[in-house]
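Quick notes on the structure that follows.
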Protein chains: 2
Amino acid sequence: MSDTPWLTADQQHAWRAYLQAQNRLTAALNRQLQTDSGLSLSDYEVLVHLTDAADGRSRPYELQRVLGWEQSRLSHHLARMQKRGLVARNECHDDGRGAYVLITDAGRQAITAAAPRHVDAVRRMFFDHLSTEQVTAIAEVSTKVLTRLDPADPS
Amino acid sequence: MSDTPWLTADQQHAWRAYLQAQNRLTAALNRQLQTDSGLSLSDYEVLVHLTDAADGRSRPYELQRVLGWEQSRLSHHLARMQKRGLVARNECHDDGRGAYVLITDAGRQAITAAAPRHVDAVRRMFFDHLSTEQVTAIAEVSTKVLTRLDPADPS
DNA sequence: TCAACGTACATGACACGTCATTCATTCCAC
DNA sequence: GTGGAATGAATGACGTGTCATGTACGTTGA
């Protein structure tokens with residue numbers, strides 16, 4: 001332990017607060033989305049990106065890249081969303097291994113209904129209490145963490 | 001949607017980066033802890049607080065408060081840790097409803113072995129790349145979020 | 001052309017977190 | 001004191017995330 005210095009008091013405080021805020025924030029947003037719209041935060045993210053995509057469809061590996069999820073998580077999640085009728089899968093003729101995920105009408109309806117309240121919640125629980133400098137700091141720190149954790153950049 | 005304005009571009013960017021960094025960071029730390037020491041990040045947090053506590057024991061509601069977890073999460077997690085021999089439960093004579101959770105020798109051994117590498121990982125993946133101003137910003141933002149989400153402060 | 005390797009995706013098993021509910025005990029107003 | 005509310009904690013059911021593995025297809029090079 002002597003050659004691996006522990007964190008400073010400031011760092012410990014920041015770290016614990018960060019972990020707790022994470023937990024609570026995502027839990028609260030999940031609750032809000034679930035009770036208001038029957039969606040989870042994960043469902044919401046998937047539907048957002050499918051809505052943004054051309055034709056409302058996307059390849060799983062593309063979703064994986066954009067969402068930053070693990071492959072099996074995405075696969076399981078899509079299976080569950082398909083079972084609930086929020087998305088559908090089509091085969092991909094360009095690549096026999098691949099598939100297309102597409103948003104269904106029910107999926108579009110669900111996210112359209114969910115969006116206003118969800119955005120409101122995100123602002124209420126997060127952005128409304130932060131200065132623009134703090135928002136910038138969050139973005140910078142998060143981006144830094146992401147690039148450092150990116151397996152394609154093991155500098 | 002017109003009366004519930006969407007997030008600004010900066011906010012959207014910050015939000016997505018924040019969510020992704022969260023996911024990746026905790027996933028990476030969990031992997032590191034798991035492969036190096038057979039513990040999860042949650043196990044680690046519980047053991048840290050039990051180690052800090054007098055006699056290496058604590059009431060569940062106290063742990064709940066310190067960790068910021070939901071009651072049932074803690075209860076389930078303690079049950080799993082107990083099954084693995086990391087903690088034990090005793091009855092509480094002060095309060096017939098309550099219980100004591102105490103760290104076992106195996107638990108102490110596990111966290112002692114895990115700590116150096118884990119701390120190192122936290123620094124490598126997080127603090128080493130942040131300025132002191134950024135650490136301060138993280139702490140402030142997280143604390144702000146926590147106080148806003150605290151059910152005891154519904155201002 | 002075909003063997004070896006890489007890529008896209010799915011799946012089973014298992015750990016984890018939440019919700020709803022339950023239970024025992026303690027606290028408190030009357 | 002006593003009945004009702006509040007508190008401390010456990011549990012079953014269920015959705016979620018990860019790991020290890022499997023499978024099918026594509027790509028490359030000798």
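Here is how names work: the chains are called A, B, and so on, in the same order as the sequence lines, proteins then strands, and each is numbered from 1.
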What side-chain donor-acceptor pairs closer than 3.5 Å can you find for residues 8-17 of chain B, not counting sequence neighbours?
from: B/Thr8; atom 1: OG1; to: B/Gln11; atom 2: N; distance (Å): 3.1
from: B/Gln11; atom 1: OE1; to: B/Thr8; atom 2: N; distance (Å): 3.1

Just list the side-chain donor-acceptor pairs under 3.5 Å for residues 54-65 of chain B, sequence neighbours left out, or say none.
from: B/Arg59; atom 1: NE; to: B/Ala99; atom 2: O; distance (Å): 3.1
from: B/Glu62; atom 1: OE2; to: B/Arg65; atom 2: NH2; distance (Å): 2.8

Determine all donor-acceptor pairs shorter than 3.5 Å in which one atom belongs to a side chain in residues 76-83 of chain B; sequence neighbours excluded.
from: B/His77; atom 1: ND1; to: B/Arg80; atom 2: NH2; distance (Å): 3.4
from: B/His77; atom 1: NE2; to: B/Asp43; atom 2: OD1; distance (Å): 2.7
from: B/Gln82; atom 1: OE1; to: B/Arg89; atom 2: NE; distance (Å): 2.9

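Heavy-atom distances under 4.0 Å link DNA chain D to A/Asp95, A/Gly96, A/Arg97 of residues 88-111 of chain A, given in residue order.
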Quick one: what's the B/S/- string for nucleotides 13-23 of chain D, heavy-atom cutoff under 4.0 Å, read 5' to 3'?
B--BBBBB---

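Partners of A/Arg108 according to the side chain to side chain donor-acceptor pair (under 3.5 Å) rule, which considers only residues two or more places apart in sequence or in another chain, do not exist here. With sequence neighbours left out, A/Ser37 forms a side chain to side chain donor-acceptor pair (under 3.5 Å) with no residue at all. Residues passing the side chain to side chain donor-acceptor pair (under 3.5 Å) test with A/Gln109, sequence neighbours excluded: none. Listed by chain and residue number, B/His118 satisfy the ring pair (Phe, Tyr, Trp, His ring centres under 6.0 Å) test with B/Tyr44 (two or more places apart in sequence, or in another chain). With sequence neighbours left out, the side chain to side chain donor-acceptor pair (under 3.5 Å) criterion links A/Glu133 to A/Ser131.
Pairs engaging residues 130-150 of chain A under the ring-ring contact (aromatic ring centres under 6.0 Å, His included) rule: none recorded [sequence neighbours left out].
Think of the region where chain A sits on DNA chain C: with heavy atoms and a 4.0 Å cut, that region ends 5' and 3' at C/dG6 to C/dC19.
The distance between atom CZ of B/Arg65 and atom C1' of D/dT7, rounded to the nearest whole Å, is 16 Å.
Side chain of A/Asn30 to main chain of A/Leu41: a donor-acceptor pair is present (N/O by atom type, distance under 3.5 Å, no hydrogens or angles).
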